[in-house]
Every structure is written in structure tokens, then in C-alpha cells.
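Report on the following structure.
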Amino acid sequence: MIEQRVRVRFAPSPTGALHIGGARTAYFNWLFARKSGGTFVLRIDDTDTSRSSEASYQQIIDSFRWLGLSWDEGPEIGGEFGPYRQSERLALYREELQRLLAEDKVYPCFCTQEQLLAEREKAQKDGRTPHYSGHCRQLTREQQEYELAAGKTAVYRLRAPKSGSTVVSDMIRGEVVFNNEEIDDFIVWKADGTPTYHFASCVDDYKMGITHIIRADEHLSNTPRHIAMFQALGAPIPQFAHIPMILAPDRSKLSKRHGATSVDEYRMAGILPEALINYLLLLGFSPGEDKELVEVEQAIELFDLRKVTKHAAIYDVKKLAWVNSHYIHSASPDYLLALVWEAWLGRHWTIANPNREQLAWLRSVIVVMQERSHNLQDLQDGVAYYFSAPMQYDVKGVRKHFTAPSTQEHLRRTADILQDAVPFTAHTIERVFRRFIAQQGLKGGELIHPTRLSLSGLTTGPGLFDMMAVLGRVECRQRLLAAADWIGQQVELKV
RNA sequence: GGCCCCAUGGUCAAGUGGUUAAGACACCGCCCUUUCACGGCGGUAACGGGGGUUCAAGUCCCCCUGGGGUCACCA
């Protein structure tokens, strides 16, 4: 037996954003291809022109690039089996349809939608599977010609096997047997002159030499249809692997009401692509050796389709958040700075072409904040006070740290002693601070907390002295005096 | 409704006839500490139910229950 080069594909339809379930399916395909030295094909299933849109096509492409899922053949880059958008392959489908028609493997059907609907409803009522009756299956060539000549519009159906059984050999589930009576003569060609998904997909898999079809569980029931389709086409039957679905926390199908469901939404929520792809790997697969944090390179090594679970997984945003914070913490400051750059620029926190010194300072803001950031948002919204003095002070903080009678005076004194910290580093600042605390007979927190609140307006944040070093002496002094003034005003207002 | 798939803690998930039933997230407690995080230590928590097979069943078989999918001129 000749060992065949692995060729897999992911075929999204551009009717919306790339779903995380789709992203995981794509990733598993990609991993399988990379691991086996095979080819990963990206194909766009846009036969449904009314629902497909250029915008969502673009969004899907962007999501793939963002996730780092590169394709070996597909839109934008081409390949020897192109084109890779089904809307551009119509002539090919038509050709295959003609062939199948000539071989009598497909036949025209003139039943109206009303007839079919009635049939279906009756079957439903009688407790039978709502299948096509086969009304037009018996039509002779002459009868077909007659109807066509009369100008009747036709759809085309596959002459599916009516007896025996079809065995789906699935790499994850083993052998799944379907009774062929369950497969009806499904439509392969619509009245509007375009192929259905089942037809286009199988023709493409055949023509593109796809060896393994790795797709979501929901297609398992469709597989005997596809096998019948491949047989009609005279195509080899690919290997199948149906991976379990991703469910919402209430075990229902994931939908908008469950929050973020698309790759794009996670990107906008400040999730790193490395984190999302890592989390996706953990859904339905266990890398083994108690590994949870697995980067792409290692994932390629560890991935094994046969070890994919059989049951659906519920996605857990908390764990995603944990994975994400790991990647945020271990990322290089420059990388993170690049990621927040646009946002910072938009807020005028930085300029388009900073000099070396300015860049170093921006980096220091990242450095001091990244350890306690869990996502990119934290690095965008949580760093405002480095760029401008706080507009207000945390209410609870004020009650707790600004109410002692001596606070106002302590803050002014602190502003003064900062002159002694030379150079102005976390180390020297702390030394000056500790000395002052000792002189005044204070407890550390009695000075540290009011200072933090004065400088950032917040009660939480990085180590105070690190934060002060980043802010700089002048800024610290101004903010401390401003806070002291503010406290003074509050006292007057009360009186 | 017919057919198909699935079933270990709240969630992800090891486990392939003999284990004190891993680990991670989350949660709780303690420690570290100027705050918040991080980190460290510890804890609560699971084989859906019922029948078999076997010396022995989370692991094999059957039934039930539950969940999911599919049966379109959507993909």
C-alpha cells in the first residue's frame, strides 16, 4: 500500500465570524497536517451566495492570521488545486453534475416544495423519518426529457443506495454503522443552478485530494450521505475524524447570548492569540504529562487525533483567563507594548515616533504593570494614571487612608523628602520613605497607603516604590501636593 | 418522532479489569506582603441509575435516564 501524503482541509462558510468551535476544528486539522508533514488547505464554502458576505470572509481570514494558522493552499495564496472559493468553482461542479447525470447516478426531480413539505409533514405525523419518497426516482429518460422540454425547473438528486449499510470508519469513534434506508435521495443541485453543500464539499474533497476529513461532530450523521456521494463520484473514501462539539456552560449549543463566541471577540477582549490557541487545544484533548500550558511548537509534537475525547466540552472562560494571564506574564515587554500601541496612541499616551528615552519609559510602564495584568485590556485601561494625574480618588480608599488628621501634613512632608532620593529609583525612594516612617513613629501602611492613593487614585497596584520610580520625582511631588490640597478642601467643605 | 453519538468533581481532563480514582481551572483556608496580583502550602469536591460477565468493573455487555447531533433547494 502506498503511503499517501496527508491532505486536510478546513472549509468555513463566510456567513459570520470564525467561531471558537470552528477555530478549534481548524487548529486540530492544522496540527494533524503539521505533525504528519501534510498539507493544510483552507477552502471557502460560499455556495450560499445570499448568506455569504465579503466582510465575514475577510474577518475569517484575519482571524486565521491572528491565530497564526497558516494555510498551505487556499485563498490569497492559491495552490495547484484552486480556486479555493466555491463561488469560483461553479463550472467544475456543473461538469461533475453532467458526468453523474450521464452515468444516471443523479436524476432530475420535479416535485414542488409544497409537495415535499406535505410529504414531510405526513411522515412526521406517522412517526416515520421524513425522507424523500423517491417519486421522481422512477422516471424514465423519456419522462425526464419530456418534463425538461416542457420547461419545468428541476433539482437534481443523488440515486442513493436503498439497501445494505454504510460503515463510517472514524479515527476517534471507531466504526459507526448506518442503515442505508436512512439515507434518502438528497438534493445535490438546487433549482437556482448552484450545488448544495453536500455536493460541492464532496466534489472539492475529491478534486483537491483530501485524505482526511476532520470536522465537527454534527457532521457524523451526514457522513453516510457523503460516502454515497464519493462512491457516485468514483472517488476514494477519505478517512474521517469527528471531533466533539464545544458547548455553552448550560450544555446548550454556543450562541451569542452566552457571551463571546467568536475568535474576533476574544481578540477584542484582550486575549492573546497564543493563549486562545493553547486553551482550544485543552478542549477535547489532553497533551499528557499533566501539561496545560502548551505552545504551538510543542502542540504539534504532542498532538494525536486518536487521543481526542469523544464527548462535548463546555468552554470555561475562567480557565481561558488563567491561560491568558500566563502568556501576558511571560511575554516580552516590547511585544506587549506593540500590542497596546494603537490603543495608547489613540489616547495620546504616546506619539507616533518616540525617541529612545521615551520608548524606554513606555516600556517601564509595561514592566511594572504586566505582572498583575490578566489581559491586554488591563494594560490599556489600568495604566491611565501613569500618563495623567488621577481625576478622582477611590471612595473607599479615601475613607480608609485620607481621614487621619495628620495625613495632609504627611503627604506634604513626603513630597519634600522625595528630594533626598538620588537617583530617583525604587531603592532610594524606599530608603527615604522608611527613614521618614521611623522618624515619625508611623507604621509603614500609614504612609504608604495614602501615598499610593494620592499618586494613582487607587488602592491597588504595583509595589509603591516601583510605581513612583516610573512616575518620576516631579510628577510624584505634584500629585502628593494636589492630594494634600484636595484633602484640605474636603475638610473645609464639611465645616 | 426515526437514526447516530456521548456520559469520571462546578469546568477541562488522566485512567484502558486489581489505583488511597491523577493533574489543571474555579472555590475555601494558611503563608509571603505596603495594597492588589504573582508565588508557595493545604483543603472541599467525581465514576448518572439498574442489571449482568468476572475472584475482581470507572474500565467489558445489556437496559434505563440524561445530554448532544442529524433527518433543508443552510453550510
Side-chain angles (χ1 to χ4, degrees), chain A residues 11-15 45-48 50-52 86 109 111 113 116-117 120 123-132 153-157 168 170 172-173 176-179 181-184 186-192 194-198 200-201 216-225 242 244-245 247 249 251-253 279 282-293 307 309-323 325 329 369 371-374 378 397 400-401 430 433 437 443-449 451-453 456 458-465:
Chain A
S13 70
T15 53
D45 274 19
D46 57 353
T47 47
D48 185 353
S50 62
R51 294 205 310 153
S52 299
Q86 293 189 326
C109 170
C111 297
Q113 304 219 34
L116 297 174
L117 192 67
R120 213 174 295 143
Q124 195 86 258
K125 215 175 64 191
D126 297 350
R128 288 177 292 112
T129 312
H131 273 169
Y132 177 59
T153 53
V155 298
Y156 292 86
R157 292 179 182 273
V168 177
D170 191 281
I172 294 168
R173 277 149 224 284
V176 184
V177 184
F178 292 86
N179 195 321
E181 284 157 27
E182 294 297 324
I183 314 169
D184 65 351
F186 59 94
I187 295 171
V188 299
W189 200 266
K190 299 181 261 186
D192 67 358
T194 62
T196 61
Y197 158 77
H198 298 299
S201 176
D217 219 8
E218 56 189 327
H219 287 294
L220 183 55
S221 301
N222 282 328
T223 306
R225 270 172 249 284
H242 288 93
M245 306 195 47
L247 266 29
R251 299 207 70 83
S252 68
K253 210 168 172 177
Y279 177 67
L282 265 24
L283 243 34
F285 181 76
S286 173
E289 299 167 47
D290 294 341
K291 282 194 200 329
E292 304 282 339
L293 300 167
K307 280 169 57 184
T309 59
K310 295 177 178 172
H311 56 272
I314 294 171
Y315 86 116
D316 178 14
V317 281
K318 292 239 181 83
K319 186 149 184 177
L320 205 212
W322 172 76
V323 173
S325 56
H329 297 161
M369 289 300 284
E371 194 182 317
R372 60 209 68 227
S373 296
H374 295 130
D378 293 343
K400 225 169 159 186
H401 308 303
E430 176 157 17
F433 245 77
I437 286 166
K443 280 197 273 186
E446 289 180 282
L447 186 63
I448 285 168
H449 294 311
T451 303
R452 173 191 304 286
L453 190 58
S456 69
L458 305 172
T459 56
T460 64
L464 178 65
F465 310 116

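Protein chains get the first letters and strands the later ones, always in sequence-line order, with residue 1 at the start of each.
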Sugar-phosphate, base or nothing in reach of A/Gly284, heavy atoms under 4.0 Å
sugar-phosphate
Between C1' on B/U33 and CD on A/Glu430, what's the gap in Å once rounded to a whole number?
12 Å
A/Asp217 vs A/Arg173, test: salt bridge (charged side-chain N to carboxylate O under 4.0 Å, His left out). Steps then yes/no.
CA-CA 10 Å; A/Asp217 219 8; A/Arg173 277 149 224 284; 3.3 Å; yes
Now, which nucleotide makes the Watson-Crick or G-U wobble pair with B/U70, with each of the two distances under 3.5 Å?
B/G2
Would you say the base of B/C5 and the side-chain of A/Arg173 have a donor-acceptor pair closer than 3.5 Å?
no
Taken to the nearest whole Å, CG/A/Asp217 to C1'/B/C4 is 10 Å
Considering only heavy atoms and no angle criterion, is a donor-acceptor pair shorter than 3.5 Å present between the side chain of A/Lys319 and the base of B/A24?
yes
Within this structure, what is the NE2-to-P distance between A/His311 and B/G9, rounded to whole angstrom?
9 Å
I want to verify a distance call: between B/A75, B/U35, B/U34, whose nearest atom is closest to the A/Ile448 side chain?
B/U34
Rounding to a whole Å, what distance do you find between A/Met245:CE and B/C12:C1'?
17 Å
Among the nucleotides B/U35, B/C74, B/C71, whichever has the atom closest to the side chain of A/Asn222 is B/C71
With a non-hydrogen cut-off below 4.0 angstrom, is A/Gly461 in contact with a base, only sugar-phosphate, or nothing?
base
Is the base of B/G68 touched by the side chain of A/Glu218 through a donor-acceptor pair closer than 3.5 angstrom?
no
For A/Lys253, answer base if it contacts any base atom (sugar-phosphate contacts may also be present), sugar-phosphate if it contacts only those atoms, and nothing otherwise; contact means non-hydrogen atoms under 4.0 Å.
sugar-phosphate
Would you classify A/Arg251 as touching base, sugar-phosphate or nothing, given that sugar-phosphate means primed atoms plus P, OP1 and OP2, and contacts are heavy atoms under 4.0 Å?
sugar-phosphate
Closer than 4.0 Å, any side-chain N/O of A/Thr196 to the OP1 or OP2 of B/A72?
no
Check: A/Ser50/A/Asp48 side-chain N/O donor and acceptor closer than 3.5 Å
yes
